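So the structure is just underneath, and the comments pick up after that.
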Amino acid sequence: MLGLILLYVAIVLISNGLARLYKIDPKSQAVMNYFTGGLSLIGNTIVIIHGEFTNHDANFYAAATGLLFGFTYLYVAINATFNLDQRLYSWYSLFVAINSIPAGIWCIMHGNITNMYSWAFAIIWWLWGVLWVTAWIENVLKKPLGNFVGYLAIFEGIFTAWIPGVMLLIGVWH
């Protein structure tokens with residue numbers, strides 16, 4: 001499931017980055033955020049329910065961190081649709097950014113410490129954390145980061161979601 005979700009995370013990050021760079025109406029941007037957030041919500045809820053009924057709670061952490069993404073995109077979409085104050089979303093983003101630190105460590109410890117893919121996913125989590133913290137810097141600290149955030153979102157969409165997502169889907173990355 002992760003490869004599938006990452007494919008949609010890729011396009012939402014890329015489109016959010018493009019929307020920022022080209023100053024596209026946030027309501028237009030919200031559409032893909034609804035799709036991706038909804039997909040993540042449904043997929044991770046299925047993982048939780050399946051784990052509960054089969055006593056496989058090992059996937060709960062993966063589902064919980066996956067929901068951090070789903071709620072991020074739904075939060076962005078709802079804020080854009082209703083033109084809401086971004087500050088509470090930004091505090092949520094700080095919470096998620098902080099959670100990206102142990103998530104990266106978990107990737108290394110749960111995987112194989114000598115495995116390149118474990119380290120790659122750890123770095124990916126930490127890069128996502130950097131992107132999440134930009135919302136808090138801009139909307140709570142009131143420090144504009146300009147086009148950097150748009151370019152970062154596009155970069156992360158390609159290198160932390162699209163490429164790993166495709167690699168997972170075709171079985172090159174396990």
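Not measured: the values here are computed from a predicted model. Counting from 1, the numbers follow the sequence of the chain as shown. Keep in mind that the numbers below use all heavy atoms, side chains included, and drop hydrogens, waters and symmetry copies.
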- request: Would you check, one step at a time, whether the test side-chain contact (heavy atoms from CB on, under 4.5 Å) holds for I154 with L13?
  value: CA-CA 6 Å; I154 293 167; L13 288 174; over 6 Å; no
query = Is there a side-chain contact (heavy atoms from CB on, under 4.5 Å) between Y151 and L21 once you walk through the steps?
reply = CA-CA 8 Å; Y151 289 118; L21 293 174; 3.6 Å; yes
Quiz item: Given the rule in the side-chain contact (heavy atoms from CB on, under 4.5 Å) test, do W91 and V140 qualify, once you have shown the distances and angles that lead to the verdict?
Solution: CA-CA 8 Å; W91 280 104; V140 174; 3.5 Å; yes
Exercise for the section: Please lay out, stage by stage, how W106 and Y61 fare under the test side-chain contact (heavy atoms from CB on, under 4.5 Å). Expected result: CA-CA 10 Å; W106 184 86; Y61 184 73; 3.8 Å; yes
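Side chain of T134 to main chain of L131: a donor-acceptor pair is present (N/O by atom type, distance under 3.5 Å, no hydrogens or angles). Side-chain atoms of S90 come within 3.5 Å of backbone atoms of Q86 as a donor-acceptor pair (strictly under, hydrogens ignored). S15 places a side-chain N or O within donor-acceptor distance of the main-chain N or O of V12, the cut-off being under 3.5 Å. Proximity of a side-chain donor or acceptor of N55 to a complementary backbone N or O of G51 within less than 3.5 Å is not detected.
The aromatic ring centres of F71 and Y92 sit 6.0 Å or more apart. For Y89 and W132, the gap between ring centers reaches or exceeds 6.0 Å.
Side-chain polar atoms of T81 and Y34 form a donor-acceptor pair below 3.5 angstrom. With hydrogens and angles left out, the side-chain atoms of W128 and T160 include a donor and acceptor closer than 3.5 Å.
Residues L4 and I42 do not share a hydrophobic cluster, defined by chaining ILVMFWY side chains whose heavy atoms lie under 4.5 Å apart. Note on V31 and V76: same hydrophobic cluster, where clusters join Ile, Leu, Val, Met, Phe, Trp and Tyr whose side-chain heavy atoms are under 4.5 Å apart, directly or indirectly. Both L169 and W162 are part of a single hydrophobic cluster, where members link through side-chain heavy atoms under 4.5 Å apart. When the side chains of ILVMFWY residues are joined at heavy-atom separations under 4.5 Å, either directly or via intervening members, L94 and L141 end up in a single hydrophobic cluster. Under the 4.5 Å side-chain heavy-atom criterion for Ile, Leu, Val, Met, Phe, Trp and Tyr, W119 and M109 are members of the same hydrophobic cluster.
Here the CD1 atom belonging to I78 is positioned 8.5 Å from the CG atom belonging to L84, to the nearest 0.5 angstrom. To the nearest 0.5 Å, the span separating OG1 on T54 from CD1 on I49 amounts to 11.5 Å. Between I123 atom CD1 and S118 atom OG the span is 11.0 Å, to the nearest 0.5 Å. Atom NZ of K23 and atom CG of D25 lie 13.5 Å apart (nearest 0.5 Å). Of the inter-residue distances, the one linking N79 atom CG with Q29 atom CD reads 11.0 Å to the nearest 0.5 angstrom. Interatomic distance, CG of L2 versus CG of L7, reported as 11.0 Å (0.5 Å rounding).
Side-chain contact check for L145 versus I137: some heavy-atom pair is nearer than 4.5 Å. Side chains of I11 and F35 form no contact here, defined as non-hydrogen atoms less than 4.5 Å apart. Taking the side chain as every heavy atom from C-beta outward, N33 and L74 never approach each other to under 4.5 Å. Contact check for P164 versus I124: side-chain heavy atoms found under the 4.5 Å cut-off.
Screening residues 122-150 for salt bridge (Lys or Arg N to Asp or Glu O under 4.0 Å) gives R20-E138 as the qualifying pairs, with residues at least two apart or on separate chains. Annotation: salt bridge (Lys or Arg N to Asp or Glu O under 4.0 Å) contacts involving residues 151-160, sequence neighbours excluded, are absent. The list of salt bridge (Lys or Arg N to Asp or Glu O under 4.0 Å) pairs with a residue in residues 85-98, not counting sequence neighbours, reads D85-R87.
Residues I48 and A63 approach most closely at CG1-CB, 3.6 Å, considering heavy atoms. Nearest heavy-atom pair, A122 versus C107, reported as atom, atom and distance to 0.1 Å: N-CB, 3.9 Å. Nearest heavy atom pair, residue A161 against residue V9, reads CB-CG1, 3.9 Å. Closest approach of W126 to I108, counting heavy atoms only: CH2-CD1, 3.9 Å. For V130 against V133, the heavy-atom pair with the smallest separation is O-CG1, 3.2 Å. Here the closest non-hydrogen pair linking A62 and N44 is O-OD1, 4.0 Å.
Dense packing is recorded around OH of Y75, with more than 12 heavy atoms of other residues, nucleotides or ligands lying under 6.0 Å away.
Ring geometry, W173 versus F121: the interplanar angle falls from 30° to 60°, so the pair is classed tilted.
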